[in-house]
Amino acid sequence: MPIAELFLGALLPVLFEKLASPELLNFARREGIDTLLKKWERMLNSINHVLDDAEERQLTSAPGVESWLKDLGNLAYDIEDLLDEFATKSAENKFKAELGNSKVCSLLPSCCFKLSPRAFMFDRKMRSTIEEIDNKLQDIITRKNTFNFGENNGNRLAYRRQDKQLPTTYLPEPGFVSRKDEKSEILELLTRDEDDRTCANLKVIPIVGMGGVGKTALTQQVYNDARVTGYFGVKAWACVSEDYDVLAITKSILGITNGHLSCEGKDLNWLQDKLKDHLGGKKFLVVLDDVWNENYGNWTTLLKPFQLGAKGSKIILTTRNNSVASLASAPPYYLKELSQDACMTLLAFHAFGVGNFDHHPDLKVLGQKIAEKCKGLPLAIKTLAGLLRHKVNPQEWEAISNSKIWDLTKGRNEILPALKLSYLHLPSNLRRCFAYCAIFPKDYEIERDDLIHWWIAEGLLEVKEAKNLWNTGLNYFNELVSRSLFQKSSINGSQFLMHDLVNDLAKLVAGATYFSPEEFDFEGNQSNASFARHASFIPSDCNVPKRLEIYHRMKGLRSFISLKKQWYIKPNLSQKVLCDLLSIVKYLRVLSLSHYRIREVPDCLGKLRHLRHLNLPYTHIEMLPKSIVALYNLEALMLRACQYLTELSKGLEKLINLKFLDITDTPNLRAMPMYIGNLVGLEMLSKFVVGTENGIRLKELKYLKNLKGELCISDLHKVQEVGDAKEIDLIRKEGICRLTMQWSLDFENSRNEDLEAEVLDSLHPHQNLENLVISYYGGLKFPSWLESPPCLNIVHLRLHGCCKAKTLPSLGQLSLLKELYIEGLNAICSIGSEFYGNDDSSFPSLITLEFKDMPLWEDWSHCIGIEEAGVLFPRLEHLLIQDCPVLIGKLPSQLGSLTKLEIKSCSHMDVLPSVISLLSFKELKFGSCNEGVMKSLVNLTSLTSLVIEDVSELTCLNHGFTSSLIKLEELHIERCEKLTYLWQDKDVIQNLCCLKRLSIKRCPEFVYFAAEEGDIGLPNNLETIYLSDCIKLEKLPSKMHTLYSLRDLSIEQCPNLVSFPETGIPTSMISLEIQDCNRLQHLPRGLNVDPDELSTINTQGDKMSCLQSLEIWGCASLPAALFSERIFLPITLKSLKIYNCQNVESLAQINLDCLQSLQEIQIERCDKLRSLPQGLNTLSSLNSLHLRDCAALELECFPPLPLGILKLWLVNCPKIKSLPNQLHRFTSIQCLGIRHCESITRFPGGLPPQLRELSVWLTPLTSLQSLTIDDSVGRVGEEEDLVLPLPSSLLHLHINHMGKVERLSSSLPPSLRELWIFRCPKLRKLPQDGLPPSLEELHIEGCGILEERCRKGTGYYWPLIREIPLVSLSDDDIFNSIT
């Protein structure tokens, strides 16, 4: 069912608005085309009048209509581009006339004004474009007339009739799965006892979720639950759907609750009166399913009869729209997607009639792929399962799993109508915004602010005043979130996701005008590329120039947006490749090249006359091209985190349409362009660097009256006249919500304390300010406005590096302050009543308070006047005091809300005056402080995490402190020089019943866990134990084997530990790491499995070890035969690593028969090792073998390996004389490295054909991707000509240390992406036939002759390498290209 043109109704009004623009009409009259434009307006109006009927006929697949609508959409874009051309030229002419012959005009490139006003319309190309559009529009009209469309009837919802869904009922859905937790939570909301003092008689429970997620199905389960039936005297279900008819809904509910009453012909008054009488005094449940109404008046009208029910009456409201839920004035219950397991159960039920794949195991993997395709949407699962009903042919399931979900459901589609309703209910102003999201690939995390900027640049926002654009865009975005079309990311609060099927819906709506590379087969049909107007590009490690070729066909492209899906990819792009693209897409409005390693932007950028948004964040650019000032229409210039940016273009102040300039985090940008105050339309200026010359002084900000969001004013120490600060009138800039004021870090040079104080006093911000940072201010006191609650509503405040300020302002009176950070105030000696203010209520909203680096702070008084204050911080949750070495004050005595306390490097802090009980305490971090402070904290019954560091006097945790730690989950102790024991006696262990993680590091006197002699255990729930640098630790608890929850044990640098307990270690352990325990004489017994027990493992699983990873490092006293004849490693072992164990001579005793899970063996620096385990070829799971620095390991014949091995590395093993026989038979091996193994002289049988990475020698390999060649093996590099028979699959080639090579005589493979040439001092010639066009990186270091021949602009090879995106030489940063 095609819906690709449904947003045409939102596109045509944009054209009408532009055609009616006075500026355009004046221009058209001057150029003599006003008659033509009026004709076009009439023709478009005639089309608009029949658009409803055309779109509805398209839905019924009427012949030719879909093609007509598609052509109309493309033509509408062409017309809009042309009108934009006219508007741009008109504005430029006006601007030029105003400038006259002033010097300002000379700053603009000639390309801006190359045509006279009259010459413009006589331009042959422009006339041809106008004629072409005129002919196309006439053709559209002619074809329209053949369809005999009916004119609009004023109801743009007419086409919804086909998609109208059946009404829902209360009967439960068959095969309902999972949702156990959700059902329980809603039942709890419905049936729990209410507080009679506060509860209203009626409560509404909104259930919100996207279409098809199962809101109705879950509500049906709740509605029919026996607990609900028993709790409510009356129940009713009403399917509201799109037509919110209060009379019909009321009649439906009344009919259900009183079936004997005839409602026919009755008006709303009668119906509501009867319903009120019937429900009065009864406890009822009413379900209003699938509600779309957002009108508060309609909602309150419907609710009138329900107000007199008994307490506990409930209404459940299901909706997709959070705005609908907000009518109920109740917190919504958000329903998420099903889990993958629940999807599989549901799929099996509807496909086979049972809830599992037990009878069809061959279909289970395919079923998982199908379930993943539906992304937790029950409706999608049910629909696809219906297509597979009782089908057991794997080919049919494979076809479903590999197809697009929309193509599968044509003719029997329940998903499309359900989700399409969400689109059809969007206001017209949101439809194009939603369709724009078709550029995003599935699972892409959308940056909200970026998307809003792109909407603005594309002109998708309907707003009367330009200065409200950003807020309008934000409202649009929030509306899409409210309607469940966007979902907030669980990882990043500023990012959002679209469900896969919503993403598909956007692509269907947008059609061919939106291009997302994930949907495109580069080898397949490319016919739709020319229709694309908005496109995204996803960089990868593939050939960027080649992948950009498809975009050269998109000549009408308006948005080119490079999206970053993988954080580790920082793509390269040469100037030539970028310029080739930009020279084609002349209608571009949005250009986004985030995270590219580009140093320069080509001058051809200045030809993009339509460009509104230029986004270059996180690139390596050093400066912008001069031609940027020709971009008259530019509204947004985004340069965030351009670390190398040193200056902005001269003449930037001429971009009079610029609204957004983001230069956040640009540390090398030390000056602003001259006269930036001319940009009076600026709404965002993230940073202003104060200068001393006219044009860059602080007073430039006075003209920027519309600034919003974030502003950082740096180098304020350069202000020479306080009048400059007064002139900017900061108090009137109401849009700024985040403000940073920054002076110089250098206090050594002369600083005018009085002037700085006057400047700061004059920078009084507006009361809307929420976040304020003051850094490196040099005045002696802070301004009075900082302590004025009526004038300031700050939420976050940071005072940083203000070294001369002697007192703090009365911040306690800031009633909205939630976070306060005070750091580096070196002159503060005391904090007291001046900090709190005179009010009884001090810091009423503060949640986080941090004091850092206060070297002279000595006294912290909690008195107001002469009396100690009551509750100073009633809501404080996090308190940090760090690096305050002379502080002798005390903590406040009442911190009832505190959950996290950190005290670090406060060695003189007093013991508290009285014992403090912190019942809400969760985390305590204590370091480099007086032990007495810690001892005074008692009754910590809610503490879950305790970190103690650098407490020099601590010898043991006293009983009074540990006795209350009944909820402690994590205990970390580090650098406590006198710590001898953890606790005094074993009775403490009973209190630590919740402890899961225990870490003791760098405690040189630590001997044992308890001072009491005899056998002791450890807390039973321990999952992780980490012991490091405890040089006196000699033994571990004998009952360690009873820790049945222990998963990870790591013991490092405990040189006196001789052995593990005779009783062994717990069989529950998964990971064991032992490092630098030089006296350790044997491995723990818990690793072993008695051979006699192997046959009974299935019946005695509790005796079987679960160990998966064993690492042994630097244990010099371990025996020569590390694994004796009677010792077996656990059959669960996956990874075995042995490093630097000097006594180990043999591993032959390892019985490999049972180690079928072993995947990795790594042995390094075992100088005496002479033998490997026998039977390596029997390890069916082994995929990696790494042998390094084993000088005594002599192998005449390398032991056979399993054919499935993936990696084999042999490094510095001089006595290994051979490789595994018939190496070419190892068809799975992908990585082979052989270094400094001089006894290996040949490859028996050749190399494996699937090899992807080779670091040794060379032979043609069909799958090789990475190759390193150096002088460590054989006679490579001893000739002047390096001849290499390189395989065509090669992607990465490293050539190292070839001292005699002068020429690369081999052709390089056509697929090569990276070429690294290091330390080849005589090399002077690259291959005669040049470098492959696929090459993206060329790195040359230590090759003096060749480097000179590659110098930028002058080198012999410069013409050859200038198109390579990344080229670096010895003196360059390898991430900064000379191209």
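In this structure, K18 NZ and L24 CG are separated by 9.5 Å, a value rounded to the nearest 0.5 Å. For the atom pair CZ (R612) and OH (Y632), the distance works out to 10.5 Å, reported to the nearest 0.5 Å. We find the CD1-CG distance between I628 and L614 to be 5.5 Å, quoted to the nearest 0.5 Å. The CZ atom of F434 sits 11.5 Å away from the CZ atom of R483 when rounded to the nearest 0.5 Å. Taking CZ of F531 as the start and CE of M554 as the end, the distance is 12.0 Å to the nearest 0.5 Å. Distance OG1/T513 to CZ/R432: 9.5 Å, rounded to 0.5 Å.
Taking the side chain to side chain contact (heavy atoms under 4.5 Å, CB included) definition, one finds that K586 meets it with K125, sequence neighbours left out. Looking at residues two or more places apart in sequence or on another chain, you find no side-chain hydrogen bond (donor to acceptor under 3.5 Å, both in side chains) involving K144.
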Donor-acceptor contacts, no H, no angles, side chain residues 446-460, under 3.5 Å, sequence neighbours left out:
| residue | atom | partner | partner atom | Å |
| --- | --- | --- | --- | --- |
| E447 | OE1 | S494 | OG | 3.4 |
| E447 | OE2 | Q495 | NE2 | 2.9 |
| W454 | NE1 | H613 | NE2 | 3.4 |
| W455 | NE1 | C433 | O | 3.2 |
| E458 | OE2 | H534 | ND1 | 3.3 |
| E458 | OE2 | S559 | OG | 2.3 |

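Between E80 and R533, no side-chain nitrogen of the basic residue sits less than 4.0 Å from a carboxylate oxygen of the acidic one, so the salt-bridge criterion is not met. A salt bridge is defined here as a Lys NZ or Arg NE, NH1 or NH2 lying under 4.0 Å from an Asp or Glu carboxylate O, and E132 with K136 meets this definition. Residues K555 and D81 are not paired through a salt bridge, judged by the lack of any N-O separation under 4.0 Å between the basic side chain and the carboxylate. Salt bridge annotation for D84-R609: absent, with no cationic side-chain nitrogen under 4.0 angstrom from a carboxylate oxygen.
Aromatic ring centroids of Y587 and Y77 lie 6.0 Å or more apart.
Using a 4.5 Å cut-off on side-chain heavy atoms (C-beta onward), L426 and L485 make contact.
Side chain of Y551 to main chain of S536: a donor-acceptor pair is present (N/O by atom type, distance under 3.5 Å, no hydrogens or angles). No side-chain donor-acceptor contact under 3.5 Å links N615 to the backbone of S592. No donor-acceptor pair under 3.5 Å is formed between the side chain of N48 and the backbone N or O of L44. Proximity of a side-chain donor or acceptor of T619 to a complementary backbone N or O of I598 within less than 3.5 Å is not detected. A donor-acceptor contact shorter than 3.5 Å is absent between the side chain of D134 and the backbone of I130. No donor-acceptor pair under 3.5 Å is formed between the side chain of D139 and the backbone N or O of N135. Of the possible donor and acceptor atoms, one in the side chain of S46 sits under 3.5 Å from a partner among the backbone N and O of M43.
No hydrogens or angles considered: a donor-acceptor pair under 3.5 Å links the side chains of K507 and N503. Judged by distance alone, the side chains of N26 and R29 do bring a donor and an acceptor atom under 3.5 Å apart.
Here the closest non-hydrogen pair linking V590 and L588 is O-CG, 3.6 Å. Shown here for K659 and L469, the closest heavy-atom pair between the two residues is CE-CD1, 4.2 Å. Heavy-atom minimum distance, A20 versus L25: O-CD1, 3.9 Å.
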